[in-house]
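To start, the structure itself, in structure tokens.
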2 protein chains.
Amino acid sequence: MPEDLPHPALADIRIDRVLHALADPVRLTMVRQLATLPEGVACGAIDLPISKSTRTHHLRTLREAGVVTVRPSGTSRITTLRRADLNTLYPGLLDGILNAPH
Amino acid sequence: MPEDLPHPALADIRIDRVLHALADPVRLTMVRQLATLPEGVACGAIDLPISKSTRTHHLRTLREAGVVTVRPSGTSRITTLRRADLNTLYPGLLDGILNAPH
DNA sequence: TTCGTAGTTCGACATAGGTCGTACTACGAT
DNA sequence: ATCGTAGTACGACCTATGTCGAACTACGAA
């Protein structure tokens, strides 16, 4: 869609925010799905029983925390996990979470 | 103090709860301090500008999530990080958080 | 250009939860 | 037995935030 949305730079990512972003069950589910889709997905393609506006809300939280990247693509926005960045900042954290029993 | 407080068993610890417990700045600070004190500390000895009842509240949240153990000792209660348990369930997670810049 | 689709934004609502003070309980020391 | 200390329990308060629907915007297709 229109302009690119703001993302925090690596150095501006704060653990408080990341943990807060991951602490919500809906967002955690989103992150798990994203982890299986290295190419990213459109918001609407994420499988969750929530409204469009709630999706936007959660994706914004993830993006502003530095957990995901969102890039425009046609009429969609493709969301991707910032795997490499998170692994750089907090080695072990992401895998620790993704490997957790759910 | 009186009876032992309830702690979740290893198998009952849920990542949702753990992340939620760690997502609060006050609790994250507590956890960081606990990480430097393998023998544990009394609640009151934790260095934070919050009231007694707020301490109790946060320690309860951490305990119920499975992040810490609380055991009576005289008139105090000694709180300890459940390092081993967390490392077993979510290898890498705790270290990823503790090593994060703060 | 007209329409449909994908997402965002806004405002409203409800609930969760962080904070505190006060009252209470349990234990140890005197 | 009495007192002080450590911590819990309760209730009140207030903010944060998850949720939605409706209106709006941007892009592509026909």
Side-chain angles (χ1 to χ4, degrees), chain A residues 1-7 14 16-34 37 39-80, chain B residues 1-7 14 16-34 37 39-80:
Chain A
M1 316 215 37
E3 67 238 276
D4 285 356
L5 296 170
H7 295 74
R14 303 234 279 109
D16 303 68
R17 290 214 168 224
V18 172
L19 289 174
H20 175 258
L22 296 174
D24 180 273
V26 171
R27 289 192 292 264
L28 188 55
T29 303
M30 285 177 160
V31 168
R32 281 197 213 284
Q33 289 190 33
L34 289 170
L37 301 163
E39 302 307 314
V41 242
C43 312
I46 298 178
D47 181 28
L48 276 171
I50 54 176
S51 71
K52 284 201 300 177
S53 40
T54 303
R55 273 162 212 273
T56 298
H57 166 69
H58 286 306
L59 284 176
R60 162 149 58 170
T61 302
L62 290 170
R63 174 177 52 80
E64 290 180 346
V67 177
V68 303
T69 301
V70 182
R71 65 164 202 280
S73 168
T75 81
S76 301
R77 284 183 174 178
I78 304 300
T79 302
T80 330
Chain B
M1 315 210 50
E3 68 239 276
D4 284 357
L5 297 169
H7 295 75
R14 304 236 279 106
D16 302 69
R17 290 215 169 223
V18 172
L19 289 174
H20 174 258
L22 296 174
D24 180 273
V26 170
R27 290 192 291 265
L28 188 55
T29 303
M30 285 177 161
V31 168
R32 280 196 213 283
Q33 289 189 32
L34 288 170
L37 301 162
E39 303 306 315
V41 243
C43 313
I46 298 179
D47 181 30
L48 276 170
I50 55 175
S51 72
K52 283 202 300 178
S53 41
T54 303
R55 270 161 214 274
T56 298
H57 167 68
H58 286 306
L59 284 176
R60 160 143 65 167
T61 303
L62 289 170
R63 173 176 51 81
E64 290 180 346
V67 177
V68 303
T69 302
V70 182
R71 65 165 202 278
S73 168
T75 80
S76 302
R77 285 183 173 177
I78 305 299
T79 302
T80 330

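Naming convention: chains lettered A, B, ... in sequence-line order (proteins, then strands); numbering from 1 in each chain.
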Give B:His58 one of three labels, base, sugar-phosphate or nothing, depending on what nucleic acid heavy atoms sit under 4.0 Å from its own.
-> sugar-phosphate
Mapping A:Lys52 and A:His20 to their closest nucleotides on DNA chain D, which lands nearer the 5' end?
-> A:His20
Rounded interatomic separation in angstrom, taking CG from B:Leu48 and P from D:dG7 = 14 Å
Closest approach of A:His58 and A:Val26, non-hydrogen atoms and distance?
-> CD2-CG1, 3.5 Å
Want to settle it: does A:Thr54 or B:Ile78 sit nearer the 5' end of DNA chain D, counting the closest nucleotide to each?
-> B:Ile78
Report the distance from atom CG of B:Leu5 to atom P of C:dT25, rounded to the nearest whole Å.
-> 17 Å
Tell me: CG of B:Leu62 to P of D:dT8, nearest whole Å?
-> 12 Å
Expected output: side-chain B:Arg63 to main-chain B:Pro6 donor-acceptor under 3.5 Å | yes
With a non-hydrogen cut-off below 4.0 angstrom, is B:Ile50 in contact with a base, only sugar-phosphate, or nothing?
-> sugar-phosphate
Please state whether the base of D:dG21 and the side chain of A:Ser53 form at least one donor-acceptor pair under 3.5 Å?
-> yes
Nucleotide C:dC27, atom P - distance to CZ of B:Arg71 in whole Å = 16 Å
Short side-chain N/O contact to C:dT8 OP1/OP2 from A:Arg77, under 4.0 Å | yes
So which heavy atom on B:Thr79 is nearest to which on B:Leu34, and how close?
-> O-CD2, 3.5 Å
Whole-Å distance, B:Leu28 CG to C:dG18 C1', equals 16 Å
Side-chain heavy atoms of A:Arg71 within contact of A:Thr80, under 4.5 Å = yes
Hey, does the side chain of A:Gln33 reach the backbone of A:Asp47 with a donor-acceptor pair shorter than 3.5 angstrom?
-> yes
Once you round it to whole Å, what is the distance between P of C:dG7 and CZ of A:Arg63?
-> 14 Å
Distance, rounded to the nearest Å, where B:Arg55 contributes CZ and C:dG21 contributes P | 13 Å
Once you round it to whole Å, what is the distance between P of C:dA12 and NE2 of A:His57?
-> 17 Å
Taking only side-chain nitrogens and oxygens of A:Thr75, does any of them come within less than 4.0 Å of OP1 or OP2 of C:dA6?
-> no
